[in-house]
S.K.: 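Okay, handing you the structure first.
Scope of the values below: all heavy atoms of this structure, side chains included, with no hydrogens, waters or symmetry mates. Chain A is the first sequence line, chain B the second, and so forth, proteins listed ahead of strands; every chain is numbered from 1.
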Amino acid sequence: MLTVTPETPPAEAGLTARFPLPDERGRFGTFGGRYVPETLIPALDELQAAYEAARRDPAFVNEYSATLRDYVGRPSLLYFARNLTEQLGGARVYLKREDLNHTGAHKINNTIGQALVARRMGKRRVIAETGAGQHGVAAATAAALFGLECRVYMGEEDVRRQALNVYRMRLLGAEVVPVASGTKTLKDATNEAIRDWVTNVRDTFYILGSVVGPHPYPMLVRDFQSVIGREVAEQLEAVEGRAVPDAIVACVGGGSNAIGIFAPFAYLAPARRPRLIGVEAGGHGLASGLHAASVAAGKIGVLHGSRMYLLSDADGQISPPHSVSAGLDYPGVGPEHSYYHQQGMAEYVPITDDEALDAFEVLARAEGIVPALESAHAVAQVLKLAPTMGREQVIVMNLSGRGDKDVAEVSRLRGAEVGA
Amino acid sequence: MSRIADAFATCRAEGRAAFVAFLTASYPDDARFLEAATAVLRHADVLEVGLPFSDPLATAPSSSARAKPPSQVARARSGR
């Protein structure tokens with residue numbers, strides 16, 4: 001088995017490759033781990049063993065790759081944004097088009113992988129948590145494809161805000177359970193999904209949607225999403241004659257799309273490593289307290305079984321996050337991102353709601369592409385970054401999802417402004 | 001840990017189930033929590049004390065719902 005080293009070509013760092021981290025205890029430095037009730041430890045051990053066996057099994061790897069190719073539509077395009085590049089007058093901007101995947105976001109890369117592991121383990125029932133509904137839809141889709149029973153937990157507030165995705169999940173045969181506890185959003189849905197898993201651990205597989213949670217989830221989700229970064233290396237080599245760009249930009253909620261595009265490049269020697277820029281939801285601005293910038297404005301703590309940067313108050317209680325984008329509305333950032341930040345391997349910057357809304361419109365008009373509001377945060381950072389770089393330099397931005405789901409919300413926000 | 005093991009061993013020797021009580025720390029305030037704990041310990045073999053947290057894992061939703069009052073109490077104490 002290939003081990004990723006500072007010299008490994010990024011394209012080779014795949015499902016069968018072993019990244020340097022996490023260690024055998026599931027730690028990324030001091031982050032990650034397994035802060036869960038004892039009842040879940042055997043289930044996590046069982047999952048880890050099943051996954052380790054699966055990724056060494058060529059039949060599993062082939063079925064995963066074939067499903068990504070034939071069903072998800074991979075590889076996703078690496079698109080040179082000519083108009084945007086000319087408009088910004090700096091670095092050449094490429095968009096990794098995860099929005100063109102089946103179901104319209106990167107989330108499906110992970111749910112297909114985990115559903116295949118679930119089937120391999122003989123689990124007939126899968127559960128998932130969802131915020132905006134993108135992961136829930138991707139989980140329900142994988143469950144439909146592989147004939148698994150599926151239940152999705154979703155905060156009551158998100159059920160109200162994302163009614164269309166609730167209907168999509170039900171159409172796909174999933175049961176959607178509204179969660180009324182706490183802030184009635186993603187973190188509460190996650191609590192409820194973990195509670196279900198503790199209760200039904202024998203026949204149930206928990207399809208976790210981001211690079212958070214107890215080990216081995218951050219590793220599992222990272223490995224399945226790293227197909228994004230591997231493809232970037234191959235595609236960029238073909239069009240630019242270089243596998244490694246100067247900068248990679250991606251939005252970060254829990255951090256799965258960002259890890260997917262960062263990880264194959266993150267462990268390169270510092271001299272070869274591109275700038276990796278994670279864009280957090282700055283909400284109404286960090287000073288307002290209404291944001292989801294867990295790295296920029298958070299501290300280290302434990303949430304959902306993992307040690308990481310998170311938003312909490314003086315008593316150690318989790319603070320409610322805020323973002324115009326439901327997918328970034330999570331009060332923590334995965335342990336591998338926490339490690340990258342601490343080690344200086346990646347940078348994390350906030351983008352406000354207003355900047356993201358502006359970028360949403362800029363990309364639509366410049367390229368005829370409507371990004372998800374989550375991805376619009378990354379677009380906003382590219383608008384700032386590209387003009388500061390040379391014309392021979394290259395930025396790759398992860399366009400993690402399409403914006404159809406956000407059109408109604410944006411028109412409401414913008415319409416009110418125009419009408420005022 | 002040995003005091004917990006001893007409590008269960010005693011119950012087993014006496015041929016009965018252990019009474020494990022649960023109270024939330026500092027609820028509804030420090031004084032009344034200590035009063036309740038003292039009273040409960042006259043009857044319970046083991047007292048489990050829960051620290052209120054906004055996002056508990058694998059415990060009943062009631063521990064989460066309870067997180068609010070003590071945290072407000074804590075705020076009141078620290079003068080915020």
S.K.: Counting only non-hydrogen atoms closer than 4.5 Å, does A:Val179 touch chain B with its backbone (N, CA, C, O), its side chain (CB onward), both, or neither?
M.R.: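 Neither the backbone nor the side chain of A:Val179 comes within 4.5 Å of chain B.
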
S.K.: Would B:Asp55 and A:Asp188 count as a side chain to side chain contact (heavy atoms under 4.5 Å, CB included) here? Give the steps.
M.R.: CA-CA 7 Å; B:Asp55 296 82; A:Asp188 310 288; 4.2 Å; yes

S.K.: Do any N or O atoms from the side chain of B:Ser54 and from the backbone of A:Gln317 form a donor-acceptor pair under 3.5 angstrom?
M.R.: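 Looks like no, no N/O pair under 3.5 Å.
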
S.K.: Can you check side chain to side chain contact (heavy atoms under 4.5 Å, CB included) on A:His304 and B:Leu57, steps first, answer last?
M.R.: CA-CA 7 Å; A:His304 296 143; B:Leu57 292 185; 4.2 Å; yes

S.K.: Using the side-chain contact (heavy atoms from CB on, under 4.5 Å) criterion, which residues pair with A:Pro216? Sequence neighbours excluded.
M.R.: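 So A:Pro216 forms a side-chain contact (heavy atoms from CB on, under 4.5 Å) with A:Arg34, A:Leu44, A:Leu47, A:Gln48, A:Met219.
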
S.K.: How long is the gap from CG on A:Asn191 to CZ on B:Phe53, to the nearest 0.5 Å?
M.R.: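 It comes to 8.0 Å.
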
S.K.: Is it true that, when you exclude B:Glu14 itself, more than 12 heavy atoms of the residues, nucleotides or ligands shown sit nearer than 6.0 Å to its CD?
M.R.: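 Enclosed.
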
S.K.: Heavy-atom count around B:Arg16 CZ within 6.0 Å, excluding the residue itself: above 12?
M.R.: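 For B:Arg16, atom CZ is crowded (more than 12 foreign heavy atoms under 6.0 Å).
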
